[in-house]
A.B. asks: 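Before we start, here is the structure in question, set down as C-alpha cells.
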Amino acid sequence: MRVSKRTIFNVVFFAAVLLLTFAGVLKGVSIRELIADMRRAHSGFLMLAVGSVLMFLILQAVVIHQMLIAVGMRKNIWKCMLFSFTGYFYCSITPFQSGGPPAQIVNMKKEGIPISTSSIVILIMTFLFKSVLVAVGIWYLLFGWTFLGEYLSGAFGWFCLGMVLTIGFTAFLAILIFSPSFAKRISLAVYDRFVERGRLLKRFRGHRKRIISFMDRYKETASFFRSHRKQMAVLFGITFLQRFFYFLTTYFVYRSFGLYGTSAAVITMLQACISISVDLLPLPGGTGITEALFLQIFRPVFGAKFVLPGMMLSRGISYYIQLFFCAMMTVAARFFIGKDTK
C-alpha cells in the first residue's frame with residue numbers, strides 16, 4: 001500500500017508534537033511516583049470515563065445516521081460509526097483537524113453517497129459541533145464572569161482567542177450552509193482565478209460545468225436542512241449531549257482519586273473552557289496547549305499532588321484511548337466500507 005507524502009508529514013509532525021509535549025510535562029517529574037499516583041485511581045470510575053468517550057463517538061454516528069436518513073441515504077448505524085470514528089482519527093493526527101472531513105467524504109462515496117450530499121452533511125455536522133462551543137462560550141461571557149475570574153484568570157487570553165476563532169469559523173460555516181448561492185459564487189471565483197487563469201491545480205481545468213452541477217446539488221441538500229428546523233434542533237441537542245459526555249470524562253477521573261468538593265457541573269464547565277481555547281489551534285488534537293491549560297486550570301480542583309496524574313489519565317482516556325479506538329475502526333473501515341450500499 002502506497003503511503004502519501006502528506007500522510008508521512010502528518011505522522012512525523014504528530015510524533016514530534018507528542019514527544020515535545022511529554023518532554024515538557026514530565027520534566028523534573030519522578031516517573032515512579034507519577035505511576036504510583038496514577039495506580040491509586042479507582043478502575044470503576046476510569047471505566048466510566050472510557051464509556052463517556054465511547055458515547056461521544058457513538059453520538060456523532062447517530063447524528064450522521066439521522067442526517068443521511070433525512071436526505072434519503074439510509075445507512076445502518078455500523079457504517080455511520082465507521083464514518084464517525086474514521087473522521088475523528090484523521091482529525092486527531094492532522095493540523096487544524098483538516099484530515100477528518102476528506103476521509104469521511106471518501107468513505108461515504110464508497111458507500112454510494114454523492115459528494116454533494118456528504119459535503120453538506122459533514123458541513124452541517126461541523127457547524128453543530130462548533131455551535132455548541134459558541135453557545136457555551138457566550139453563556140460564560142454573559143453570565144459566568146465570576147466563574148471565569150476564579151478558575152481561568154491565568155488562561156483567559158487563550159479562552160478569548162478560542163472564542164474569536166470559533167465564532168469566526170462557525171460564522172463562515174453558516175454562510176456556506178444558509179447562503180449556498182454565495183458559496184457557489186465563491187467556488188466559481190476561486191476556480192476561475194486559480195485554475196483557469198492561474199498556475200495552480202492545472203489538472204482541474206475544464207471542470208467548470210462539473211463544479212456548477214456539484215454546487216446545484218449541494219444547494220438542494222442545504223435547502224432541505226434549512227427548511228427542517230425542528231430536525232436541526234434535535235440534531236443540535238444530540239450534539240450538545242455528545243459534547244457533554246466528552247467533558248464529563250474529567251469528572252470521572254477526578255472521582256477516581258477519591259476526591260470530593262467540586263461538582264460535576266464545575267468540572268465539565270472547566271473542561272469545556274479548555275476545548276473552546278484549543279479547538280481551532282493548528283495542533284493535532286490541541287496537543288501541548290491542552291495539557292498546559294489542564295495543569296493550570298485544574299490545579300485548584302485536583303490539588304498539587306493529583307493534578308499531573310489527573311491530567312495524564314484524563315488526557316490519556318479522552319485523546320489517546322479515543323485515538324486507539326478510532327484507529328482500530330479506521331482499519332475496520334477498509335474491510336467494511338464499500339462492500340455493499342445498504
Side-chain angles (χ1 to χ4, degrees), residues 25 37-38 40-56 59 129-164 166-167 236-281 285-286 289-319 321-322:
V25 168
D37 288 336
M38 290 171 64
R40 294 177 60 177
H42 192 281
S43 59
F45 281 108
L46 295 183
M47 291 304 297
L48 288 174
V50 173
S52 289
V53 169
L54 285 174
M55 284 300 299
F56 168 75
L59 284 174
F129 202 69
K130 304 301 182 186
S131 294
V132 170
L133 290 185
V134 171
V136 172
I138 290 176
W139 186 90
Y140 287 147
L141 293 175
L142 292 177
F143 307 106
W145 279 104
T146 302
F147 176 83
L148 293 174
E150 181 178 357
Y151 289 99
L152 266 72
S153 57
F156 188 67
W158 287 107
F159 176 79
C160 290
L161 174 62
M163 279 297 299
V164 170
T166 304
I167 291 175
F236 180 85
I238 297 174
T239 305
F240 189 92
L241 184 62
Q242 177 197 4
R243 282 286 201 178
F244 172 78
F245 273 109
Y246 182 83
F247 301 149
L248 194 61
T249 302
T250 301
Y251 174 72
F252 289 131
V253 171
Y254 170 77
R255 289 300 310 276
S256 73
F257 289 109
L259 299 174
Y260 299 90
T262 304
S263 67
V266 170
I267 291 177
T268 53
M269 289 168 68
L270 291 175
Q271 188 60 58
C273 288
I274 293 177
S275 292
I276 291 170
S277 301
V278 308
D279 199 63
L280 285 175
L281 295 181
I289 186 62
T290 299
E291 287 80 1
L293 289 177
F294 189 104
L295 293 175
Q296 181 177 353
I297 292 173
F298 279 105
R299 182 172 293 273
V301 176
F302 280 80
K305 180 175 178 58
F306 290 110
V307 67
L308 180 56
M311 185 276 290
M312 295 292 289
L313 287 174
S314 178
R315 186 65 169 154
I317 292 171
S318 64
Y319 182 62
I321 288 182
Q322 178 193 159

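All residue numbers in this chain count up from 1 along the given sequence.
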A.B. asks: Between Gln322 and Tyr246, does a side-chain contact (heavy atoms from CB on, under 4.5 Å) hold up when you go through it step by step?
C.D. replies: CA-CA 10 Å; Gln322 178 193 159; Tyr246 182 83; 3.9 Å; yes
A.B. asks: Sort and list the pairs that fulfil salt bridge (Lys or Arg N to Asp or Glu O under 4.0 Å) and have at least one residue in residues 242-251, not counting sequence neighbours.
C.D. replies: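 For residues 242-251: Arg243-Asp279.
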A.B. asks: Look up atom CG in Leu280 and atom CE in Met163, then write down how far apart they are to the nearest 0.5 Å.
C.D. replies: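 Nearest 0.5 Å value for the CG-CE distance: 11.5 Å.
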A.B. asks: Using a 3.5 Å distance criterion without hydrogens, assess whether the side chain of Tyr254 forms a donor-acceptor pair with backbone atoms of Tyr260.
C.D. replies: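 Judged by distance alone, yes, a pair lies under 3.5 Å.
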A.B. asks: Which distance, rounded to the nearest 0.5 Å, do you find between the CZ of Phe56 and the CG of Leu54?
C.D. replies: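 Phe56 CZ to Leu54 CG: 11.5 Å, rounded to 0.5 Å.
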A.B. asks: Name the orientation class of the two ring planes belonging to Phe45 and His42 (parallel below 30°, tilted from 30 to 60°, perpendicular beyond 60°).
C.D. replies: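 Phe45 and His42: perpendicular rings.
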A.B. asks: To the closest 0.5 Å, what do you measure between CD1 (Ile289) and CD (Glu291)?
C.D. replies: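 The CD atom of Glu291 is 9.0 Å from CD1 of Ile289, to the nearest 0.5 Å.
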A.B. asks: So, does Thr268 use its side chain to make a donor-acceptor pair with the main chain of Ala265 at under 3.5 Å?
C.D. replies: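 At least one qualifying donor-acceptor pair exists.
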A.B. asks: Which pair of heavy atoms, one from Leu293 and one from Ala155, lies closest together, and at what distance?
C.D. replies: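 For Leu293 versus Ala155, the nearest heavy atoms are CD2-CB, 3.6 Å.
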A.B. asks: Could you go through Ile317 and Phe252, starting from their C-alpha distance and side-chain angles, then the distance that decides it, and tell me whether this counts as side-chain contact (heavy atoms from CB on, under 4.5 Å)?
C.D. replies: CA-CA 11 Å; Ile317 292 171; Phe252 289 131; over 6 Å; no
A.B. asks: To the nearest 0.5 Å, what is the distance between CZ on Phe302 and CG on Leu308?
C.D. replies: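 Phe302 atom CZ to Leu308 atom CG measures 11.0 Å (nearest 0.5 Å).
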A.B. asks: How long is the span from the CG atom in Leu313 to the CG atom in Leu46, to the nearest 0.5 Å?
C.D. replies: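 Going from the CG atom of Leu313 to the CG atom of Leu46 covers 5.5 Å.
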A.B. asks: Considering all heavy atoms of both residues, which atom of Gly149 and which atom of Ser153 are nearest to each other, and what is their separation?
C.D. replies: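 Where Gly149 meets Ser153 most closely, the heavy atoms are O-CB, 3.5 Å.
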A.B. asks: Among Val134, Val136, Leu161, find the one that has a side-chain contact (heavy atoms from CB on, under 4.5 Å) with Thr166.
C.D. replies: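 For Thr166, the side-chain contact (heavy atoms from CB on, under 4.5 Å) check succeeds only for Val134.
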A.B. asks: Report yes if some heavy atom in the side chain of Leu152 is under 4.5 Å from a heavy atom in the side chain of Leu270; otherwise report no.
C.D. replies: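 SC-SC contact between Leu152 and Leu270 confirmed.
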A.B. asks: Would you call Ile267 and Phe298 a side-chain contact if the rule is heavy atoms closer than 4.5 Å?
C.D. replies: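 Ile267 reaches Phe298 side chain to side chain.
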A.B. asks: How far apart are the C-alpha atoms of Arg40 and Asp37, what are their side-chain angles, what is the distance that settles it, and do they pass the side-chain contact (heavy atoms from CB on, under 4.5 Å) test?
C.D. replies: CA-CA 5 Å; Arg40 294 177 60 177; Asp37 288 336; 4.2 Å; yes
A.B. asks: If you take all heavy atoms of Phe236 and Ala135, which pair is closest and at what distance?
C.D. replies: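 So the two residues come closest at CZ-CB, 4.5 Å.
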A.B. asks: Leu259 versus Val301: any side-chain heavy-atom pair under 4.5 Å?
C.D. replies: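 The answer is no, as the side chains (C-beta and beyond) never meet within the 4.5 Å cut-off.
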A.B. asks: Could you tell me whether the side chain of Val266 reaches within less than 4.5 Å of the side chain of Tyr151, counting heavy atoms only?
C.D. replies: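 When only atoms from C-beta onward are counted, Val266 and Tyr151 do touch, with a gap below 4.5 Å.
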A.B. asks: What pairs with Gln296 under side-chain hydrogen bond (donor to acceptor under 3.5 Å, both in side chains), at least two apart in sequence or on another chain?
C.D. replies: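 Partners of Gln296 by the side-chain hydrogen bond (donor to acceptor under 3.5 Å, both in side chains) criterion come out as none, since no residue qualifies.
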A.B. asks: Could you tell me whether the side chain of Ser314 and the main chain of Gly310 form a donor-acceptor pair under 3.5 Å?
C.D. replies: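 Not a single qualifying donor-acceptor pair exists.
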A.B. asks: Mind checking the OH-OG1 spacing from Tyr251 to Thr262? Nearest 0.5 Å is all I need.
C.D. replies: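 The OG1 atom of Thr262 is 9.5 Å from OH of Tyr251, to the nearest 0.5 Å.
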A.B. asks: Please examine the side chains of Val53 and Ile321, heavy atoms only from C-beta on, and report whether any two atoms are closer than 4.5 Å.
C.D. replies: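 Side chain of Ile321 against side chain of Val53, heavy atoms only: no contact under 4.5 Å found.
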A.B. asks: Is a side-chain N or O of Tyr140 found less than 3.5 angstrom from the main chain of Met269, in a donor-acceptor match?
C.D. replies: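 Between the backbone of Met269 and the side chain of Tyr140 there is a qualifying donor-acceptor contact (under 3.5 Å).
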A.B. asks: Report the C-alpha separation of Gln242 and Val132 in whole Å, then their side-chain angles, then the decisive distance to 0.1 Å, and conclude whether the side-chain contact (heavy atoms from CB on, under 4.5 Å) test is met.
C.D. replies: CA-CA 10 Å; Gln242 177 197 4; Val132 170; over 6 Å; no
